[in-house]
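Comments concern the structure below.
These values consider heavy atoms only, across backbone and side chains, with no hydrogens, waters or symmetry-generated copies. One-based numbering, in listed order, for ligands and for the atoms of each.
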Amino acid sequence: MPNPEKADLVALSVLSAVIAHHIFRRHETYSLRVHAVLIFVPPALVATLVASRPERGWTYSSAFVKSLATYVISLLASIVVYRLSPWHPLARYPGPPLRRATEFVGAYYAATGRKATAIDALHKQYGSVVRIGPNTLSIIDPTAMPKLWNVSRGPWNIGIKMSYKNLTMMGLRDPEEHALRRRPWNRGLNQTAIKEYEHPLTARVQLLVRRLEEQKGEVDLSKWMGMFSMDFMCDMAFGGGIELLRDGEHTNPFRMLQRGMSIASVFTVIPWFAVYLGHMPGTGWALRSLHTTARTFAAKRLQRGSSTRDLFHYLNNEDLSDVPPPPKQHLIGDAILAIVAGSDTTANALVSIFYCILANPATYTALQTEIDKFYSSNDDPCNTRHYQDMHYLHAVINEALRLYNPTNLGGQRQVPPHGPPVIAGSLVLPPGTIFYMPPFSSNRDPHYFSFPSAFWPERWLIASGHIDFDSKEARVPGTLTKDEFVHNEAAFVSFGLGPIGCVGKALATLEMRMVVSALLHKFDFRLRDGWDPNEYNTVMREYINLTTPALPVVLKARW
Ligand code: HEM
């Protein structure tokens with residue numbers, strides 16, 4: 001026989017949990033106050049109601065505890081049942097039940113640094129659209145991608161920032177607000193501005209060459225690329241301020257960035273959890289330290305001004321006499337963004353390019369031949385005049401980015417929760433849908449690239465008509481025939497696309513071309529004897545960006 005006193009309390013708690021779930025679903029928010037109200041007020045009301053009838057024998061506190069426990073369990077059950085039900089807006093998209101029920105599966109793979117690999121396995125099982133979380137899809141359909149890249153960003157950056165306030169430009173979800181903040185970035189990274197950065201870039205590349213020349217025995221290229229790209233990013237963004245190539249990695253004030261990557265990667269999947277943690281004292285130390293360092297960099301740069309046109313020259317509107325400077329908070333956010341978006345990505349790309357070249361001797365020889373054709377021993381390979389004509393170099397860079405894109409999941413997007421659905425080809429994405437278009441999967445899909453796992457730079461030259469499929473230089477792998485050759489560049493989106501795609505693409509391309517040309521011009525490289533190249537793939541981790549492992553090489557100056 002059910003106990004009628006208890007039945008009242010349980011029924012009221014369950015009912016209020018179901019109602020609260022549906023209110024929360026419609027008005028999703030990261031506000032802790034609203035969460036607290038939704039969690040504690042209904043059980044408090046139920047407890048008040050049942051405790052007001054003394055004949056029922058409840059004290060207020062025992063009724064509250066009982067109601068809260070019933071309420072929370074019912075709330076969780078309501079959420080899970082709804083997510084697995086055919087009424088969920090994403091019910092038509094396939095995906096494993098556990099992923100559909102909870103974000104914590106995605107968070108687990110993020111913590112282990114295997115989230116892109118895990119999503120890739122799901123694409124192989126379920127096809128080009130997979131439900132990888134309760135409200136999240138992964139899409140690798142190149143016919144839909146151009147439109148989908150234009151959708152606003154998702155809550156990813158809220159997780160990284162552990163707050164939904166004062167986000168950097170990359171976190172802004174309102175397209176108009178984002179476009180406004182992006183204007184100075186566009187001025188600071190257009191072709192004219194980049195021409196000005198060639199000088200500090202050349203100086204840094206030449207320093208890298210000198211420092212490598214001084215090294216004896218084995219060097220870890222991964223470490224040197226990291227130091228080079230951080231030094232240059234600070235030159236470019238703030239007119240200087242860091243000397244890692246000179247003073248060593250241990251002097252890097254941004255080194256907490258790498259350490260915080262694995263945790264931040266988890267937070268991108270469960271941003272609400274990061275916001276909770278952000279309110280607790282003692283948490284988010286890496287973030288706070290990054291913030292303090294960025295603030296110091298921004299303040300120093302503003303105080304000393306700049307004799308050259310660095311990125312801050314544009315971000316601070318110093319190039320526009322009639323426009324006032326932006327709020328300081330924006331500049332600090334921009335300083336963080338330049339470091340986070342510009343240094344690690346390029347360093348990772350460079351390490352992967354060198355790994356691919358050194359693990360593929362035929363590519364190495366062909367690239368060396370091209371570099372030597374354009375730059376004799378007396379020429380300066382940092383002089384950019386031939387880069388446009390170095391098609392093999394460009395193909396090698398593309399092919400390395402295809403296999404090892406530094407931002408393995410690309411960007412995150414969300415259909416605005418209170419707008420119409422987004423329709424792209426045969427896909428209908430309901431309001432609120434979060435989605436990724438991971439280059440890791442689209443770039444390795446055999447529907448879009450023949451022999452997708454092979455490092456085969458020549459594919460780009462065949463596709464662009466620079467070499468003939470049947471020629472010897474094409475080095476066609478296996479028994480592939482011309483008719484079977486697939487090369488769908490619409491699936492290759494390394495830098496994102498559209499108005500919120502990577503603003504630093506042209507600069508990153510220049511950096512990669514210059515570093516590869518200069519190092520291969522000066523040195524003969526080989527991988528350290530006994531090092532297994534497969535280690536590169538097994539030790540690599542996928543956090544916010546790829547985290548490349550050590551790349552042990554031995555080098556010898558050619559002249
Ligand atoms: C190989 C190197 C690089 C790769 C692969 C890369 C890739 C990306 C990707 C995939 C995005 C996200 C796009 C999206 O959400 O649609 C992005 C955004 C961004 N990148 Fe890069 N990036 C690289 C280098 C750089 C460099 C050198 C800078 C210079 C500072 C830079 C600055 C930015 C900024 C500021 C954003 C945010 C753009 C916005 O919100 O409008 N990136 N990048």
Numbered atoms of ligand 1 (with element) below 4.0 Å of G501, judged on heavy atoms: 13 (C), 16 (O), 38 (C)
Give the contacting part of R182 toward ligand 1: side chain, backbone, both or neither, where contact means a heavy-atom distance below 4.0 Å. side chain
Between D231 and L245 (side chain of the first, backbone of the second, donor and acceptor by atom type, cut-off under 3.5 Å), is there such a pair? yes
Ligand 1 to H178 polar contact by distance, N or O atoms, under 3.5 Å: yes
List the closest protein heavy-atom neighbour of atom 20 (N) of ligand 1: residue, atom name, distance to the nearest 0.1 Å. C502 SG, 3.2 Å
the protein heavy atom lying closest to atom 36 (C) of ligand 1 turns out to be M170 SD, 4.2 Å
Using heavy-atom distances, let me know which of S343, A400, G342, P499 sits nearest atom 28 (C) of ligand 1. G342
Would you please test F492 and Y448 for side chain to side chain contact (heavy atoms under 4.5 Å, CB included) and show each step? CA-CA 9 Å; F492 175 72; Y448 313 136; over 6 Å; no
Ligand-side contact atoms (ligand 1) for residue partner W149, heavy atom cut-off under 4.0 Å: 16 (O)
Location of contacts on Q412 toward ligand 1, heavy atoms closer than 4.0 Å: neither
Are the aromatic rings of W460 and H466 close, with centres under 6.0 Å apart? no
Can you find a non-hydrogen atom of K505 under 4.0 Å from ligand 1? no
Measure the distance from atom 25 (C) of ligand 1 to every protein heavy atom, then report the residue, atom name and distance (to 0.1 Å) of the closest one. A341 O, 3.5 Å
Under 4.0 Å from a heavy atom of W185: give me the atoms of ligand 1 that qualify, with their elements. 35 (C)
How about L546 and M540: do any of their side-chain heavy atoms sit closer than 4.5 Å? yes
Considering only non-hydrogen protein atoms, determine which one is nearest to atom 10 (C) of ligand 1 and report residue, atom name and distance to 0.1 Å. T407 OG1, 3.3 Å
What is the nearest protein non-hydrogen atom to atom 16 (O) of ligand 1, stated with its residue, atom name and distance? R413 NH2, 2.4 Å
Heavy-atom nearest neighbour in the protein, as seen from atom 23 (C) of ligand 1, with distance rounded to 0.1 Å: T345 OG1, 3.5 Å
When rounded to the nearest 0.5 angstrom, what distance separates CG in L90 from CG in L137? 5.0 Å
Check whether any side-chain heavy atom of R99 lies under 4.5 Å from a side-chain heavy atom of Y109, and answer yes or no. yes
Hey, is R153 one of the residues with a heavy atom under 4.0 angstrom from ligand 1? yes
Taking distance alone, with no angle check, do S494 and ligand 1 share an N/O pair under 3.5 Å? no
cation_pi(R444, F440) dist<6.0 Å, angle<=45: yes
Among all the protein's non-hydrogen atoms, which is closest to atom 6 (C) of ligand 1, and how far away is it? F495 CD2, 3.6 Å
I'd like to check which ligand 1 atoms, numbered from 1 as shown, lie under 4.0 Å from a non-hydrogen atom of G411. 15 (O)
So which heavy atom on M233 is nearest to which on A338, and how close? CG-O, 3.5 Å
For the aromatic rings, using the six-membered ring if either is Trp, is the centroid distance between W224 and F354 under 6.0 Å? no
Within 45 degrees of the ring normal and closer than 6.0 Å to the centroid, is that where the cationic atom of R459 sits relative to F449? no
Okay, side chain of S229, backbone of S343: is any donor-acceptor separation there less than 3.5 Å? yes
Nearest-contact summary for atom 35 (C) of ligand 1 - protein heavy atom, Å: V503 CG1, 3.4 Å
Is it the case that the side chain of Q414 and the backbone of T433 share a donor-acceptor pair, with hydrogens and angles ignored and the cut-off at 3.5 Å? no
